[in-house]
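Note on naming: letters A, B, ... go to the chains in the order of the sequence lines (proteins, then strands), and numbering restarts at 1 for each one. Bear in mind that the values here come from a model prediction, so they are computed numbers and not experimental data.
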Number of protein chains: 2
Amino acid sequence: MPPSFDLESFLPYRLNRAAELISLSFAREYKQRYQMTRPEWRTLAALGSAGRMTATEVGAHSNMHKTKVSRAVRELEQRRWLKRTEDDADRRVEHLELTAAGLKAYREIADLARTYQASLEQVLGAGAIERIEAGLADVERALLAKT
Amino acid sequence: MPPSFDLESFLPYRLNRAAELISLSFAREYKQRYQMTRPEWRTLAALGSAGRMTATEVGAHSNMHKTKVSRAVRELEQRRWLKRTEDDADRRVEHLELTAAGLKAYREIADLARTYQASLEQVLGAGAIERIEAGLADVERALLAKT
DNA sequence: TCGAATTGGTTGCAATTGTAACCGTTGATT
DNA sequence: AATCAACGGTTACAATTGCAACCAATTCGA
């Protein structure tokens with residue numbers, strides 16, 4: 001029999017558990033107040049934080065399936081929080097951008113996010129989050145290199 | 001305007017992205033070979049690694065919704081990888097346990113998992129995974145304390 | 001320059017998931 | 001004991017999701 005295996009120290013498992021926990025925890029902050037789903041918030045955040053982008057870029061950036069992005073974009077557009085403009089060079093591409101209303105919503109929720117993270121950092125101690133994120137970046141790099 | 005917000009350093013976002021990435025990456029190792037879904041693997045792993053448990057305990061342990069657990073258990077049972085035995089004191093409770101076949105499957109997949117993590121550690125350097133997991137443990141503690 | 005392959009994006013459909021309501025059992029309150 | 005809340009677990013139903021097939025536009029290659 002091979003050396004023992006402890007699920008508790010298996011990284012995919014641990015990452016998933018932590019991610020689901022924190023995701024739910026933060027979702028409670030905006031789901032009710034802004035009637036927004038997670039893909040929508042992610043899209044809003046991507047656009048609000050990095051500016052004008054295409055749907056494909058949003059997906060690549062936040063690792064969301066393109067149909068998820070497509071639907072989130074449709075939702076946000078209907079809410080008039082986002083507008084599309086077609087690229088004049090390549091007519092397949094559409095550039096996405098937040099409207100004034102979208103930007104306003106983004107700022108409010110970003111504010112929640114900042115507060116949320118600050119309170120977490122309060123508990124964890126200074127630098128703790130940065131250290132975790134540096135570790136995550138390494139993991140992502142390793143995985144993406146893995147083909 | 002409040003101080004800037006960068007999605008890229010927002011922990012829920014970063015955790016989710018990394019978790020989805022690694023989860024997919026490892027799922028490729030067993031989905032095909034063992035025709036198993038993620039909840040099934042999680043349940044199998046929980047039982048294989050911690051032994052006899054109830055469904056509620058599996059859920060609490062791996063942070064899965066109880067309907068997810070219920071369905072995974074049904075699947076595993078049909079495959080004869082798991083058996084239920086009722087508690088004689090409390091007839092609501094059922095204890096879950098892997099069969100010999102289930103244990104065998106568990107060991108094989110655990111082997112994949114060990115190899116997977118070893119190759120990751122190879123890239124990341126010694127101790128890197130432990131450090132990340134320690135950080136995650138802190139985060140989970142903080143979140144669970146948060147009511 | 002024509003056809004095949006690729007790309008950005010959407011959609012139909014089937015599978016996965018969460019919510020809420022439920023069943024039978026147990027524990028607490030009276 | 002009788003009632004009622006709580007609990008372990010399942011299930012019906014609705015919402016969310018992913019896969020695959022698709023459309024239109026573009027690029028590649030012979």
Side-chain angles (χ1 to χ4, degrees), chain A residues 16-17 19-21 23-28 30-32 34-44 46-47 52-78 82-97, chain B residues 16-17 19-21 23-28 30-32 34-44 46-47 52-78 82-97:
Chain A
N16 261 288
R17 201 178 61 186
E20 266 156 45
L21 214 55
S23 226
L24 276 175
S25 158
F26 180 63
R28 274 198 290 275
Y30 65 82
K31 275 245 167 69
Q32 299 277 14
Y34 292 89
Q35 322 256 63
M36 211 170 8
T37 67
R38 204 143 63 81
E40 280 160 36
W41 152 241
R42 281 209 196 179
T43 303
L44 185 78
L47 291 172
R52 185 192 185 76
M53 272 199 283
T54 71
T56 303
E57 286 166 345
V58 171
H61 191 270
S62 55
N63 203 47
M64 278 197 290
H65 196 274
K66 63 180 182 168
T67 62
K68 236 184 202 171
V69 177
S70 173
R71 284 152 184 158
V73 165
R74 193 214 293 141
E75 260 328 293
L76 292 175
E77 189 186 28
Q78 280 172 2
L82 170 156
K83 66 174 184 300
R84 324 181 187 218
T85 61
E86 50 185 28
D87 187 291
D88 10 69
D90 186 340
R91 294 192 356 249
R92 289 169 305 183
V93 176
E94 39 189 43
H95 299 279
L96 307 173
E97 205 169 0
Chain B
N16 260 288
R17 202 178 61 186
E20 265 157 45
L21 214 55
S23 226
L24 276 174
S25 159
F26 179 64
R28 274 199 291 275
Y30 65 82
K31 275 247 167 70
Q32 299 277 13
Y34 293 89
Q35 322 256 64
M36 211 172 9
T37 68
R38 205 144 61 82
E40 280 160 36
W41 151 242
R42 281 209 196 179
T43 303
L44 185 78
L47 290 173
R52 184 193 187 76
M53 272 199 284
T54 70
T56 302
E57 285 166 343
V58 171
H61 191 271
S62 55
N63 203 48
M64 277 197 289
H65 195 274
K66 63 180 183 169
T67 62
K68 238 184 199 169
V69 177
S70 174
R71 283 154 185 156
V73 166
R74 193 214 293 142
E75 258 331 291
L76 292 175
E77 188 186 30
Q78 278 172 3
L82 170 157
K83 66 176 185 296
R84 323 183 187 217
T85 60
E86 50 184 28
D87 187 291
D88 11 67
D90 185 341
R91 297 197 346 256
R92 289 169 304 182
V93 176
E94 40 189 43
H95 299 279
L96 307 172
E97 206 168 359

Check: What is the distance, rounded to the nearest whole Å, between atom CZ of B/R42 and atom C1' of C/dT16?
Finding: 14 Å
Next item on the list: For the pair B/R42 and A/E20, find out whether any cationic side-chain nitrogen is under 4.0 Å from an anionic carboxylate oxygen.
Entry: yes
Check the interface with nucleotides 24-29 of chain C: list each N/O to N/O pair with the protein under 3.5 Å, or write none.
{"residue": "C/dT25", "atom": "OP1", "partner": "B/R91", "partner atom": "NH2", "Å": "3.0"}
{"residue": "C/dT25", "atom": "O2", "partner": "B/R92", "partner atom": "NH1", "Å": "3.3"}
{"residue": "C/dT26", "atom": "OP1", "partner": "B/A89", "partner atom": "O", "Å": "3.4"}
{"residue": "C/dT26", "atom": "OP1", "partner": "B/R91", "partner atom": "N", "Å": "2.7"}

Checklist line | Separation of atom CH2 in B/W41 from atom C1' in C/dT16, rounded to whole Å | finding: 20 Å
Check: chain A on DNA chain D: first and last contacting nucleotide, 5' to 3', under 4.0 Å to a heavy atom?
Finding: D/dT17 to D/dT26
Notebook entry, point to check: Got a second to check how far A/L44's CG is from A/Y34's OH, nearest 0.5 Å?
Noted result: 10.0 Å
Checklist line | Heavy-atom closest contact (B/K31 atom, B/T37 atom, distance) | finding: CE-CA, 4.2 Å
Check: What heavy-atom pair brings A/L96 and A/T54 nearest, and what distance separates the two atoms?
Finding: CD1-C, 4.0 Å
N/O-N/O pairs, protein side and nucleotides 20-23 of chain C side, under 3.5 Å:
none

Identify every side-chain donor-acceptor pair in residues 69-76 of chain A under 3.5 Å, counting partners at least two apart or on other chains, and give the distances.
none

Next item on the list: Report, as yes or no, whether the 6.0 Å neighbourhood of atom CD on A/E86 holds more than 12 heavy atoms from other residues, nucleotides or ligands.
Entry: no
Next item on the list: Sequence neighbours left out, what passes side chain to side chain contact (heavy atoms under 4.5 Å, CB included) with B/S25? Give chain and number order.
Entry: A/L143, B/R28, B/Y116
Notebook entry, point to check: Taking the side chain from A/R17 and the backbone from B/H61, do they hold a donor-acceptor pair closer than 3.5 Å?
Noted result: yes
Margin query: Counting only heavy atoms and a strict 4.0 angstrom limit, can you tell me which residues of residues 68-78 of chain B come near DNA chain C?
Written below: B/K68, B/R71
Checklist line | Lys/Arg-Asp/Glu bridge criterion (N-O < 4.0 Å) met for A/E77, A/R84 | finding: yes
Note to self: If the test is side chain to side chain contact (heavy atoms under 4.5 Å, CB included), which one of B/R38, B/E40, B/Q32 qualifies with B/M36?
What the structure shows: B/E40
Notebook entry, point to check: Base, sugar-phosphate, or nothing: which does A/R38 touch, judged by heavy atoms less than 4.0 Å apart?
Noted result: nothing
Notebook entry, point to check: What integer distance in Å separates A/E57:CD from C/dG8:P?
Noted result: 9 Å
Notebook entry, point to check: Distance from A/H95 atom NE2 to A/D87 atom CG, nearest 0.5 Å?
Noted result: 3.5 Å
Item checked: Which atom of A/V58 lies closest to which atom of A/A46, heavy atoms considered -> CG1-CB, 4.3 Å
Note to self: Assess the residue pair A/M53 and A/L47 against the criterion (side chain to side chain contact (heavy atoms under 4.5 Å, CB included)); give the C-alpha distance rounded to whole Å, side-chain angles, the decisive distance to 0.1 Å, and a yes or no.
What the structure shows: CA-CA 7 Å; A/M53 272 199 283; A/L47 291 172; 3.8 Å; yes
